[in-house]
Structures are given as C-alpha cells and as structure tokens.
Amino acid sequence: MTTDDTTTAAQHTNDDTNATDDVSDGDEFTVTPYDVSGTVDYDRLLDRFGADRLTDEQVARFPDHPMLRRRIYYAGRSVDRYLDAAEAGETHSIVTGVGPSGPMHLGHALVFYLAKELQDATGAEVLIPLSDDEKYYAKDLTYGEIAAYRDENLRDLLAVGFDPEKTTIVVDTEDADVVYPVASALARHLTQSTVDATYGDPDNVGLSFYPAVQATHLVLPQLIRGEHPTLVPVAVDQDPHVRVCRDVAAKERFPVSKPGALLGRFLPTLDGPGKMSSSDDAPAIALTDDPDDVRAVIREHAFTGGRASVAEHREHGGDPSVDVPFQYLRYFFERDDDELARIEAAYREGELLSGELKELAADRIGEFLAEHQRRRAALGDLESALEPYRLTDAERERARRAVGLRG
C-alpha cells in the first residue's frame with residue numbers, strides 16, 4: 001500500500017485521532033498521502049497523526065532488525081495485538097504494497113525485505129497489493145505503460161524471496177472479481193466527508209473511490225482467513241490510508257478488526273532531505289541498476305556531511321546525521337550496530353573521508369543489488385513464477401462471502 005501522487009489533504013477526524021493529514025509549516029515541510037517535501041519533523045507528525053511511538057519493549061518483541069532497533073520504523077498503531085498473536089503462534093498478517101508507476105527503487109524495496117524477515121521469523125501471512133488502477137487515475141500513464149511497470153515490479157517482488165505458501169500478491173485490475181465487490185461493500189460505510197477531509201478534492205471520481213480499494217487491501221487477509229491481527233508497515237505519509245480503513249473496520253459491519261500500522265521514516269534522496277521517489281527528478285537507485293553505475297551515481301550525487309577540504313575534514317570531522325551515504329548504511333546496509341558506530345565515530349573524528357564513506361556505501365548497496373538481481377534473473381517466465389502467489393478460487397469465494405456476496 002504505497003502512493004506518491006499529488007493532491008491535498010485537510011482536517012481528518014476519526015476514531016484514532018483528530019489529525020491534519022496535510023502536515024505543513026510554511027515552507028518547512030509537507031506530508032500528505034500524495035506529497036512529501038521539505039525536511040520532515042517526525043515528532044510533529046506523531047502529534048498530528050496521533051500514532052504511538054514504539055517503545056523499547058515493543059521493539060524487543062519484534063524479530064531483530066536494524067530498521068526497528070534504530071527506529072527507522074518508529075511508531076505504530078495496535079502493535080501489541082499483532083505481537084501477541086505472533087508470539088502465540090496464532091494467525092497474523094502483514095500488508096504492504098506498491099503502485100506500479102515506475103521502476104522499483106531502494107525506497108520501495110526495504111519495506112518488502114523487512115516484511116520477508118518478519119515472515120521468516122514468525123510465519124506471518126503477507127499480502128502484497130499492486131494498485132495499478134490508482135496509478136491510472138493519478139498519473140499521466142496509459143494502462144499499457146502501467147502494465148509494463150507492473151510486470152517489472154512483480155519480478156522485483158518475487159526476487160525478495162517470500163514464502164509462496166504464506167504470501168499472496170494481488171493486482172487490482174487482474175483481481176477485480178474480488179477487489180471491486182469488497183471495495184463496493186466497504187464504500188457504503190465510508191462517507192464522502194471523510195474522503196474529502198483526508199484527501200482533499202480528487203482530480204476524478206476514480207481517486208474519490210480509491211480509499212475503499214485501499215481499505216480492501218488492508219482487510220483482505222481477514223476476509224480470507226478470518227479475523228486476526230494485521231500490521232501495515234508503511235512510510236508515515238501513508239498512515240491516513242490506515243486510519244480511514246480503521247474507521248470502516250470499527251463500524252462492526254464486517255468480520256474484521258482494525259488493522260495495525262508500523263510507521264517508518266523516509267529513505268532520503270541521494271541529494272538530501274526528502275524521500276526517494278521514482279516519480280521525480282531526484283536521483284534514485286533502481287533495483288535493476290548496474291552496481292557499477294550505482295557507484296558512479298553515489299560518487300556524483302550523494303550529499304555528504306563532509307568539510308570543504310580534506311584538511312578541514314581531518315581537523316573538524318564530518319556530520320553523519322546529514323550524510324546520505326551514512327544514512328543508507330544506518331537504514332539497512334550496515335546491520336552490525338558496533339560496526340556502524342565505528343564508522344560514525346571515524347567520520348566524526350575526520351579519520352574517514354566523505355569519498356571513502358561513499359565508496360563503503362556503494363560497496364554495500366552494490367552487494368545487495370547483485371544478490372537481488374541474481375534471484376530476479378533466475379525467475380524465468382513471470383506468469384509461472386507468479387502462479388503460487390495468486391488468490392485461489394476458495395480464497396476469492398471466502399472474501400466475497402465475508403461481505404455478504406455469493407461466492
């Protein structure tokens with residue numbers, strides 16, 4: 001469940017929070033489900049959105065992962081209920097998806113690798129929706145162009161290595177026999193005032209209806225497998241989608257409970273603050289990029305916290321808090337906390353130069369891409385590789401019956 005399109009959002013009121021989805025302060029920063037710009041104040045977002053900061057105890061209950069230890073994912077909703085089910089060996093699900101409007105990049109990929117590790121550790125069911133219809137409504141793209149991106153995105157998703165017996169991949173237009181009937185049932189209980197308050201004035205009726213489809217994604221695991229805790233790991237700008245779904249689920253018209261959320265910070269663009277996107281002009285590292293080309297891009301574009309000269313850097317050291325290569329290591333690509341601390345200290349002391357830090361980050365990212373691309377190339381025919389991840393006829397029937405339709 002990810003989007004990166006442009007609209008506005010106003011005041012949104014629901015059972016979780018009285019929150020302003022368009023979080024902005026003059027020219028400082030803006031965060032909505034469709035637009036992120038400026039330097040984001042994550043503490044202010046929690047105040048506005050009303051989510052709960054992750055506690056040390058909660059992080060310790062999750063399978064060990066650097067993006068949780070280091071609070072890249074730093075807040076959530078209904079997290080304890082999900083953790084209780086995972087620890088008890090009961091059914092629990094993860095939902096996180098992608099909108100196929102371009103090549104998948106590192107900013108997309110890290111959440112899927114997190115979901116895969118959670119699945120490996122606890123046996124979580126994973127649902128991955130691809131919102132190709134939303135991209136048709138929101139982007140200047142034909143369905144043919146979106147389909148080409150969708151197929152390439154699917155190859156990247158399959159290359160992550162999810163367990164096919166516990167993973168379902170849904171494409172909105174190809175699974176419309178389930179997605180649309182469920183969305184139509186949910187839409188009846190989603191008011192236009194809520195949609196307008198959350199998403200502003202949509203450009204077309206497709207975008208106006210789409211929150212019901214987003215809600216369908218988030219409750220679909222429960223419609224298929226029965227009511228159980230569901231966790232949605234997303235960047236914090238996507239939290240309004242979760243809140244809208246929680247409103248619908250709270251009405252008790254359907255056999256589902258409110259989905260939980262795990263809210264994350266944005267992977268920065270190479271040229272500084274913001275989030276990495278395949279939809280703008282900022283450099284982005286695609287999962288299919290050649291590692292040597294990535295090294296060149298990092299050398300040329302990566303914003304550093306170093307000094308103007310080597311001599312000045314040796315004397316005063318660098319600032320890893322704004323250094324993009326260091327932040328990439330911190331987010332995912334250096335998993336050892338002691339080694340990360342050593343790198344940080346060496347950079348602050350001036351022992352490690354900005355160019356050397358760029359090379360280190362390029363090495364780690366290149367290794368990750370090479371492994372991902374190796375698995376991707378081994379997939380063979382996409383339709384055959386995808387088949388084990390498709391909804392079964394029985395699952396389609398259960399989902400439809402759960403909202404009162406014939407199977």
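Every value quoted in this text rests on a predicted model; they were computed, and no experiment measured them. Note that these values count all heavy atoms, side chains included, but never hydrogens, waters or copies made by symmetry.
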Note, [X] side chain near [Y] side chain (heavy atom, < 4.5 Å):
X: D84; Y: P229; value: no
X: R69; Y: D337; value: yes
X: L54; Y: L262; value: yes
X: L357; Y: L329; value: yes
X: V195; Y: F209; value: no
X: L382; Y: L158; value: yes
X: V178; Y: R396; value: yes
X: L263; Y: Y42; value: no

What I want to find out is whether [X] reaches [Y] closely enough, with some N-O distance under 4.0 Å, to be called a salt bridge.
X: E387; Y: R390; value: no
X: D56; Y: R71; value: yes
X: R61; Y: D80; value: yes
X: E359; Y: R299; value: yes
X: D120; Y: K116; value: yes
X: R150; Y: E174; value: yes
X: E367; Y: R335; value: no
X: E90; Y: R81; value: no

Under the 3.5 angstrom rule, does the side chain of [X] hit a backbone N or O of [Y] as a donor-acceptor pair?
X: Q222; Y: S257; value: yes
X: T96; Y: P233; value: yes
X: E134; Y: P211; value: no
X: R398; Y: L223; value: no
X: R70; Y: R330; value: yes
X: D239; Y: G76; value: no
X: Y199; Y: T194; value: no
X: R77; Y: D52; value: no
X: T122; Y: L118; value: yes
X: S208; Y: V205; value: no

Looking only at side-chain N and O atoms, does [Y] offer a donor or acceptor that is under 3.5 Å from a partner on [X]?
X: T167; Y: Q119; answer: yes
X: R246; Y: S78; answer: yes
X: S93; Y: Y82; answer: no

Working to the nearest 0.5 angstrom, can you tell me the gap between [X] [atom1] and [Y] [atom2]?
X: I343; Y: D338; atom1: CD1; atom2: CG; result: 11.0 Å
X: R375; Y: Q373; atom1: CZ; atom2: CD; result: 10.5 Å
X: E334; Y: F326; atom1: CD; atom2: CZ; result: 9.5 Å
X: D363; Y: K358; atom1: CG; atom2: NZ; result: 14.0 Å
X: D289; Y: H372; atom1: CG; atom2: NE2; result: 11.0 Å
X: H313; Y: Y347; atom1: NE2; atom2: OH; result: 5.0 Å

Restricting to non-hydrogen atoms, name the atom on [X] and the atom on [Y] that form the minimum distance, rounded to 0.1 Å.
X: P202; Y: D196; result: CD-OD1, 4.3 Å
X: D237; Y: F266; result: OD1-CE2, 3.2 Å
X: L270; Y: V324; result: O-CG2, 3.7 Å
X: V242; Y: A261; result: CG1-CB, 3.9 Å
X: P221; Y: L127; result: CD-CD2, 3.8 Å
X: D177; Y: R400; result: O-NH1, 3.0 Å

For [X], I'd like to know if atom [atom1] has over 12 heavy atoms of other residues, nucleotides or ligands within 6.0 Å.
X: E339; atom1: CD; answer: yes
X: E57; atom1: CD; answer: no
X: D381; atom1: CG; answer: yes

Using the six-membered ring of Y74, assess whether NZ or CZ of R265 lies under 6.0 Å from its centre and within 45 degrees of the ring axis. yes

Plane angle bin for [Y] and [X] - parallel if under 30°, tilted between 30 and 60°, otherwise perpendicular:
X: Y210; Y: H217; result: perpendicular
X: H65; Y: F332; result: tilted
X: Y143; Y: Y136; result: parallel

Walk me through it: do V95 and L220 pass the test side-chain contact (heavy atoms from CB on, under 4.5 Å)? CA-CA 9 Å; V95 181; L220 191 55; over 6 Å; no

Between Q327 and L267, is the side-chain contact (heavy atoms from CB on, under 4.5 Å) condition met? List the steps. CA-CA 8 Å; Q327 291 305 314; L267 183 70; over 6 Å; no

Under the side-chain contact (heavy atoms from CB on, under 4.5 Å) rule, what do V98 and V111 come out as? Steps first, then yes or no, please. CA-CA 10 Å; V98 66; V111 68; over 6 Å; no

Have a look at L287 and tell me which of H108, E152, M104 forms a side-chain contact (heavy atoms from CB on, under 4.5 Å) with it. M104

Check D172, V213, I146 against S131 for a side-chain contact (heavy atoms from CB on, under 4.5 Å) and give me the one that passes. D172

Taking only residues two or more places apart in sequence, or in another chain, which ones meet F254 in a ring-ring contact (aromatic ring centres under 6.0 Å, His included)? H189

Any chance you could lay out the side-chain contact (heavy atoms from CB on, under 4.5 Å) test for L369 and I365, step after step, and finish with the verdict? CA-CA 6 Å; L369 291 176; I365 294 171; 4.0 Å; yes

Kindly indicate, with the supporting measurements, whether the criterion salt bridge (Lys or Arg N to Asp or Glu O under 4.0 Å) is fulfilled by D247 and K258. CA-CA 8 Å; D247 278 355; K258 295 192 291 186; over 6 Å; no

Please check if the distance between the ring centroids of Y389 and F162 is under 6.0 Å. no

Do the ring centers of F368 and Y113 come within less than 6.0 Å of each other? yes

